[in-house]
Amino acid sequence: MNNAPTRTSARGHQGTVNGSLWRSTHAGSEPSAAPTDAARSADVIVVGAGVTGLTTAVLAAEAGAHVTVVDAGVWGENSTTYSTVKATVAHGLRLSEIHDSLGEQAAGDYAAANLAGLRLFYDLIERHQIDCDLIRGHHHIYATAQDDASAVHREGELSRRFGMKLDPDSASPLPFEVSADISFPDQAQFHPGRYLSGLTAAAMRLGVTLLPGTWVHDVHTHGSDGVTVSTDKGDLTAPAAVIATHFPILDRGGHFAQLSVKRAYCVAGPLPRNVPAGMTYAPASPVRSTRTVEIDGQQLLIVAGEDHPGSDPSESGAHYARLEQWMRDKFGVDQVAYRWSTQDPRSLDGVPYVGQLGTNASVLTATGFGGWGITNGTAAALMINDILRGEDPPWLRTFDARRISLRAGALPFVKQNAEVAARFIGDRVRAHLADSPDTLARGEARVTATGNGTVAAYRDPVGTLHAVDAHCTHLGCLVRWNAAETSWDCPCHGSRFDADGAVLEGPAHHPLTPVAVDDEPVDSPG
């Protein structure tokens, strides 16, 4: 997406790849980056080339629109390729949560939208002949503790009520006992990198202009005369723009204060032969999600979970360790081949924000999928295209991005933003108490005050000191070091940066500024 440039994979302990399995097993293809005169004036400009952005572009182009898609990073490397990747309408206990907080209509709209999103996902694969290692099967929602069984059964009852098919004869594929299990047939697992490549190829055949490596600085509206999208390669104009950057790069809708960021972790390793697995999800804490994938003839099990707020400074290494232990204990997987993490913004009421961004009808957005971006993002593309054609999309009464759902989310809203304010002030005090950057040993990092301001400094394993301004370029909170991911993470709204300040995750879309510091390195290996 527009706020996710290149991430590199690195070998960790015992041959583990510290990076997304999907990025490591799919090189993708880079479209031409040169803006042409045709690209500078389009009917629709889409910012972000993930599932939502590319699906929006393909649907608009199929309807005859001239579309330009802009993305800041390496094409195909975005939040879609940092998830577990399931195309499913079985979203844990989400239907129950929405039904309890927003009512019958909202829960029905959420179910209908995701059913439509799944149908469109299958349809796009068929009509554009996308080879993405698609495997259809059952997705199971389950509980292991008896106390959690009733919540799972209730989710099944609501799912049936709102038109979802369940298979009562499908037994749990897990190699351990469960207290409750509901099974959704005809769901899917697939390779997200190859799916995005297929959507990219379809877009190019339809005449969509693709601009990778292009940073969007701002979007200017001109009343009823459309928009100008300012980029580092010049201005682009269109009657409408769609911001599909996972976390909106524009703050005019106030979504940064209405979204909470969730961090989750993924590990993958060779699944022992004859050990069952399948697509499963346990919504009770701690969350556990599984699926399988075949890479080079070997069956791998992916386990995801350990969800926590993106603002939580939890040590990532401990979350990976717990997932790896669970994978060993439950499935006998004794080797970890890949480990990576992902961040997902979630709305305060559990329903994504789709539609008009702010006060101008020329700028649209889709965000807040809460970890279920394949069907939600595809459904959002359907709704956005209805709006672009001047139609009233179904389900928008529930998904409308202009809503502020204080009825369902007042307490989380207040708590989240109070915590942001506390970190904004408190971290500045703590920074002035830290030691100078030149005392860092190899492999260490800290935020400290210097004569050049507050600096985020990291000394890499070979002894080189990397120093950047410690203020997140979104709203100025001080970043914190994430040792397991070797990244600077913002505790306020989830932005992430590499050691040299490049943006890894939004809402920030400007890098941290490099800072010159005096360096007399400590020789300790750290």
Side-chain angles (χ1 to χ4, degrees), residues 51-52 55-56 58-60 62-63 86-127 136 138-139 141 151-167 182-188 242 244 279 281 283 344 346-356 364-403 405 407-409:
V51 161
T52 306
T55 304
T56 297
V58 167
L59 294 180
E62 287 178 335
K86 300 172 186 174
T88 178
V89 296
H91 297 174
L93 304 179
R94 185 64 56 84
L95 269 184
S96 299
E97 295 167 3
I98 294 171
H99 186 273
D100 290 348
S101 62
L102 298 178
E104 185 92 359
Q105 175 184 291
D109 284 346
Y110 185 86
N114 280 277
L115 284 165
L118 184 60
R119 287 193 299 269
L120 177 58
F121 169 78
Y122 287 140
D123 187 47
L124 287 170
I125 289 174
E126 182 176 354
R127 73 177 182 246
R136 297 198 191 199
H138 290 69
H139 186 223
I141 306 296
V152 170
H153 289 311
R154 180 170 182 253
E155 185 73 12
E157 293 168 1
L158 287 171
S159 299
R160 289 189 189 91
R161 185 190 306 176
F162 296 124
M164 297 180 182
K165 292 181 180 178
L166 275 72
D167 184 354
I182 54 176
S183 177
F184 296 75
D186 199 30
Q187 312 298 289
V242 178
M279 285 189 290
Y281 187 87
D344 289 291
R346 172 175 169 159
S347 70
L348 294 176
D349 58 16
V351 178
Y353 298 116
V354 181
Q356 184 175 317
L364 307 176
T365 194
T367 186
F369 301 138
W372 302 105
I374 304 303
T375 53
N376 268 313
T378 305
L382 274 171
M383 288 185 268
I384 286 172
N385 272 273
D386 282 343
I387 295 170
L388 291 172
R389 291 191 299 268
E391 301 174 4
D392 291 327
W395 328 302
L396 191 63
R397 58 192 175 184
T398 294
F399 286 76
D400 196 332
R402 292 168 294 181
R403 76 187 190 277
S405 297
R407 176 166 64 97

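Predicted model, so just to flag it, every value in this text is computed and none were measured.
Nearest approach of Gln187 to Ala90, heavy atoms of both residues: OE1-N, 4.2 Å. Leu166 and Gly156 make their closest contact through CD2-CA, 3.9 Å (heavy atoms, listed as atom of the first residue, atom of the second, distance). Smallest separation of non-hydrogen atoms from Ala106 and Thr398: CA-OG1, 3.6 Å. Listed here is the closest heavy atom pair of Asp344 and Gly370: CB-C, 4.2 Å. The two residues Ala113 and Ala379 make their nearest non-hydrogen contact at O-CB, 3.2 Å. Taking both residues in full, the closest heavy atoms of Phe162 and Ala111 are given as CB-CB, 3.6 Å, listed atom of the first, atom of the second, then distance.
A search for side chain to side chain contact (heavy atoms under 4.5 Å, CB included) contacts involving Thr375 returns His91, Asn114, Leu118, not counting sequence neighbours. Under the side chain to side chain contact (heavy atoms under 4.5 Å, CB included) criterion, Ala151 pairs with Leu93, sequence neighbours left out. In this view, Asp100 and Arg154 satisfy the side chain to side chain contact (heavy atoms under 4.5 Å, CB included) rule, not counting sequence neighbours. Looking at residues two or more places apart in sequence or on another chain, you find a side chain to side chain contact (heavy atoms under 4.5 Å, CB included) between Pro394 and Asp386.
At a threshold of 4.5 Å between non-hydrogen side-chain atoms, the residues Val354 and Thr365 do not count as touching. Within the 4.5 Å cutoff, the side chain of Asp392 has no heavy atoms near those of the Leu396 side chain. Between Thr88 and Ile374, every side-chain heavy-atom pair lies at or beyond the 4.5 Å cut-off. Side-chain contact between Glu391 and Asn385 is absent, with no heavy atoms from C-beta onward closer than 4.5 Å. Annotation: side chain of Thr367 is not in contact with side chain of Pro352 (no heavy-atom distance under 4.5 Å). Looking only at side-chain heavy atoms (C-beta outward), Asp349 and Ile98 stay at 4.5 Å or farther from each other. Here the side chains of Phe184 and Ile141 are in contact, with some heavy-atom distance below 4.5 Å. Side-chain contact between Leu158 and Met164 is absent, with no heavy-atom pair separated by less than 4.5 Å.
Applying the side-chain contact (heavy atoms from CB on, under 4.5 Å) test between Tyr110 and each of Leu95, Val89, Leu115 identifies Leu95 as the sole match.
A donor-acceptor pair is defined here as one N or O able to donate and one able to accept, closer than 3.5 Å; such a pair exists between the side chain of Asn376 and the backbone of Trp372. Panel note: side chain Glu155, backbone Ser96; a donor-acceptor pair is recorded below 3.5 Å. Using a distance-only test at 3.5 Å, with no hydrogens or angles considered, no donor-acceptor pair links the side chain of Asp167 to the main chain of Pro185.
To the nearest 0.5 Å, the span separating CZ on Arg119 from CG on Asp186 amounts to 11.5 Å. Here the CE-CG distance, from Met383 to Leu364, works out to 12.0 Å after rounding to the nearest 0.5 Å.
Note on residues 106-117: pairs passing salt bridge (charged side-chain N to carboxylate O under 4.0 Å, His left out), not counting sequence neighbours, are Asp109-Arg397. Within the structure, salt bridge (charged side-chain N to carboxylate O under 4.0 Å, His left out) pairs that include any residue of residues 370-381 do not occur (at least two apart or interchain).
Classification of Arg161 and Glu104 as a salt-bridged pair holds, one side-chain N sitting under 4.0 Å from a carboxylate O. Between Arg346 and Glu97 there is a salt bridge, since a side-chain N of the basic residue sits under 4.0 Å from a carboxylate O of the acidic one.
For Arg402 and Tyr353, the positive end is not near the middle of the six-membered ring at less than 6.0 Å and at most 45° from its axis.
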